[in-house]
Amino acid sequence: MAGRRFDNRDVPELPEVETIRRDLAPLVAGRTITGVEVDPGTLPLLAGAPIETLRANLVGRTIRSLGRRGKYLLFELDDGRWFAAHLRMTGRLVWRERGAPPEPYERAVIQLDDGHDLRWSDLRKFGTWRLHASAEEVTAKLGPEPIDAGLTEAQFRRVLEGRRAPVKAVLLDQRRFAGLGNIYVDEALYAAGVRPDTPAGDLSRAAMGRLYRACREVLERGIAHRGASFRDYVDGQGNEGQQHMFVQVFRRTGKPCYVCGTPIARSIVGGRATHYCPRCQRPARRPRRAGEGARRAG
DNA sequence: CGTTACCTGAAA
DNA sequence: TTTCAGGTAACG
């Protein structure tokens, strides 16, 4: 009756954040913020900044647009500044009529001038709100998005080349590529037939090309399926998310690979639970020969 | 480069 | 009761 049980496995990555952005953008564009309330116990949200400061900066501002970069939601304000919200692990942002009952784990509310609220809930309080003088302040530290139409295969390869870190760790690093999280990374590596612990620079040119296309495909499919989370509030039709229909390996440990039947394996790569098919995802054969042992500096 | 802390609830 | 989950910043 109170909707779905809170499920902290639905961690927002690029497709989930983009789904939220698309849903909220037409609802908030042109609206003026009339109030901001934050639960004082939700410390990481403001990184210690006083709520009064945030309120002074937001109340009275009109929202020009709602954008997204990586996993950040970017509210463009009418004074040229940008309000950046990051959902981290368990954050949710939903649009509700004023007076609607609180969301589970509701931590903050942004009141709009049309009688609606943006309700921020966050079970684990990892989410963040920051005010920036420009969008560049947010985006400067982020790598390109795999779904960016301007990202060429050669540019994608250049990020991986020469790196000794596991390719999964490189893909998860938002400074290298923005938007992938643990779920979509495992799915992309599976789709590309690449084992997650392969040192990024050891991938063949062909494998990098497959990974380039796989990253785009899994993210685009995630968006097309409206992500895995937040569906119960964003979809007026009541349609559910479809992520379970395309997840091939994530959290399928021990279950048969849909292609070859081999049980999906689980390991830890880059400090994260990692799922892969030991048969379909083969270790890269390193193209080393002459000069073997020579190390790249940096 | 890898590891840990942050925080809370579910699962083991 | 302990472990685990995962995005990111801080730290070694």
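The CZ atom of A:Arg164 sits 9 Å away from the P atom of B:dC1 (whole-angstrom rounding). One interatomic measurement links the two molecules: CZ of A:Phe250 to C1' of C:dC4, which rounds to 12 Å at whole-angstrom precision. The distance from atom CZ of A:Arg88 to atom P of B:dA5 is 16 Å, rounded to the nearest whole Å. Put simply, CG on A:Asp122 is 13 Å from P on C:dT8, counting in whole angstrom units. In this structure, the CZ atom of A:Arg107 is 13 Å from the C1' atom of B:dC6, given to the nearest Å. Rounding to whole angstrom units, CZ of residue A:Arg251 and P of B:dA12 are separated by 11 Å. Summarising the geometry, the separation between CG on A:Leu14 and C1' on C:dG7 is reported as 14 Å, rounded to the nearest angstrom. In this entry the distance linking CZ of A:Arg92 with P of B:dG9 reads 14 Å, nearest Å.
Separation of the A:Trp95 and A:His116 ring centroids falls under the 6.0 Å cut-off. With ring centers used as reference points, A:Phe250 lies 6.0 Å or more from A:Tyr184. Ring to ring, A:Trp129 and A:Phe83 are close: their centroids are under 6.0 angstrom apart.
Screening A:Arg251, A:Arg272, A:Lys168 for a salt bridge (charged side-chain N to carboxylate O under 4.0 Å, His left out) involving A:Asp186 leaves a single residue, A:Lys168.
Taking 4.0 angstrom as the limit, A:Lys125 places none of its side-chain polar atoms (N or O) nearer than this to OP1 or OP2 of B:dC6. Checking the phosphate oxygens (OP1, OP2) of C:dT8, a side-chain nitrogen or oxygen of A:Gln174 falls inside 4.0 Å. One finds a side-chain N or O of A:His86 lying less than 4.0 angstrom from the OP1 or OP2 phosphate oxygen of C:dT8. A sub-4.0 Å separation between OP1 or OP2 of B:dC7 and a side-chain N or O of A:Tyr105 is absent.
Residue-level contact check: A:Ala169 touches neither bases nor backbone, having no heavy atom under 4.0 Å from any strand. A:Gly181 comes within 4.0 angstrom of the backbone, heavy atoms only, and of no base.
With C:dG7, B:dC1, B:dG9 as the candidates, the nucleotide lying closest to the side chain of A:Lys71 is C:dG7. Picking from B:dG9, B:dG2, C:dG7 the nucleotide with the shortest atom distance to the side chain of A:Pro166 gives B:dG2.
C:dT8 and B:dA10 are spaced 24 Å apart, taking the P atom of each and rounding to whole Å.
By the 5.5 Å and 30° criteria, A:Phe126 is not stacked with the base of B:dC7.
Annotation: of the two residues near DNA chain B, A:Ala165 and A:Arg272, the 5′-most nearest-nucleotide partner is A:Ala165.
Look at A:Arg213 and A:Glu153 and you find a salt bridge, because one of the NZ, NE, NH1 or NH2 atoms lies within 4.0 Å of a carboxylate O, short of that distance.
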